[in-house]
Structure formats: C-alpha cells, structure tokens
Amino acid sequence: QVHVAESGGGSVQAGGSLRLSCVVSGFTLRRHCMGWFRRQGVGQKLENVAAIHTDSGGTFYPDSVKGRFTISRDNAKNVVYLQMKSLKPEDTAMYYCAADSAISPENYCSGGYYAESDFPFWGQGTQVTVSS
C-alpha cells in the first residue's frame, strides 16, 4: 500500500525560505517520477511546480518558480524534497506531493509532461503562507 506524506510547511515572510519533505512508503524510489503541486485557493486548479525522475535526477519547473524552487531526492531514504527560496506572497498555497509507482520514462517526467492525472498517489498537503 502506497503512502505519501508531506511536511515542512509554515509561515514565512517574503524573501524567506522553506524546505518541504515528502516521505514515500509502499515502493522504493528507483526509476519513478515524483512531483510537487500547489493549489493557491479554493476552486483554483492544481499547478505542477516541480517534478523529478528519481533515477536520472532530471527535473522540471514551470517559469513561475524556476530559479527559486529546487526539487531533489534521497532514494536511500525514499524522500523527495522541495527547497523554496525567495518566496513571494503569491507562493502561498497548499502544497502536495505526488507519486507514480510505475516505472517512468525519464524524458516524460523531466520534460514536464506529467499531468495531475498521471500521479495515482497523493499526500494530504502542507500549507505554505508567505506574508508581505
């Protein structure tokens, strides 16, 4: 049974940093795609803010976070991280970790082609609030 759990959210001032962690159980990270998404408000759609292929380390970021967010993984610990720096009030959102337990093609993951529906397993989310 796959379980995904995020931690590390909180409140920071603009310009600050936070690191989110995502612990995965139920399968071992090898050649998988892991992603971080956020929802900025009720009724807002999920935005993919980062993805990583856990074998190659190849990553994807949208322009909205490129250069400020860094996704990484520790396969030995089955953990994926999202380091966020230079945070802005518009980064305020609930952040979700998403996992695909199927073997993933590297270019599909790091090319940003993974949609919300491609990830079968999700955590409960961790809130990030950035004040101005």
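One finds the SG atom of Cys109 at 13.0 Å from the CZ atom of Arg31 (value rounded to the nearest 0.5 Å). Note: Phe69 CZ to Leu20 CG = 8.0 Å, rounded to the nearest 0.5 Å. Within the model, atoms OG of Ser132 and CD of Gln13 stand 9.0 Å from one another, a figure rounded to the nearest 0.5 Å. Summarising the geometry, atom CD1 belonging to Ile71 is positioned 12.0 Å from atom CD belonging to Gln83; distances are rounded to the nearest 0.5 Å. Taking CD of Gln127 as the start and OH of Tyr95 as the end, the distance is 9.0 Å to the nearest 0.5 Å.
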Self-check item: Worked check of side-chain contact (heavy atoms from CB on, under 4.5 Å) between Val12 and Ser17
Solution: CA-CA 7 Å; Val12 295; Ser17 300; over 6 Å; no
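What you find for Arg68 and Leu87 is that their closest heavy atoms are NH1-CA, 3.9 Å. Looking at every heavy atom in both residues, Val4 comes nearest to Ala99 through CG2-CB, 4.0 Å.
Within the structure, salt bridge (Lys or Arg N to Asp or Glu O under 4.0 Å) pairs that include any residue of residues 32-43 comprise Arg38-Glu47, Arg38-Asp91 (at least two apart or interchain). The salt bridge (Lys or Arg N to Asp or Glu O under 4.0 Å) pairs that include a residue from residues 102-121 number zero, where partners must be two or more places apart or lie in different chains. Here ring pair (Phe, Tyr, Trp, His ring centres under 6.0 Å) pairs that include residues 18-67, with residues two or more places apart or in two chains, are Phe27-His32, Phe37-Phe119, Phe37-Trp122.
Legend: residues meeting ring-ring contact (aromatic ring centres under 6.0 Å, His included) with Tyr108, ordered by chain and number and at least two apart, are Tyr113, Tyr114. For Tyr96, there are no side chain to side chain donor-acceptor pair (under 3.5 Å) partners at least two apart in sequence or on another chain. Here Glu90 pairs with nothing under the side chain to side chain donor-acceptor pair (under 3.5 Å) rule; sequence neighbours left out.
Note: the hydrophobic cluster containing Leu82 does not contain Met94 (ILVMFWY, side chain heavy atoms under 4.5 Å, direct or indirect links). Met34 and Val23 fall into different hydrophobic clusters, where Ile, Leu, Val, Met, Phe, Trp and Tyr are joined by side-chain heavy atoms under 4.5 Å apart, directly or via other members. Hydrophobic cluster membership differs between Leu29 and Tyr81, with clusters built from Ile, Leu, Val, Met, Phe, Trp and Tyr side chains linked at under 4.5 angstrom.
Side-chain atoms of Asn78 do not come within 3.5 Å of backbone N or O of Ser25 as any donor-acceptor pair. Listed for the Thr126 side chain is no donor-acceptor partner under 3.5 Å among the backbone atoms of Ser7. No side-chain donor-acceptor contact under 3.5 Å links Arg30 to the backbone of Ile103. Of the possible donor and acceptor atoms, one in the side chain of Glu6 sits under 3.5 Å from a partner among the backbone N and O of Gln124.
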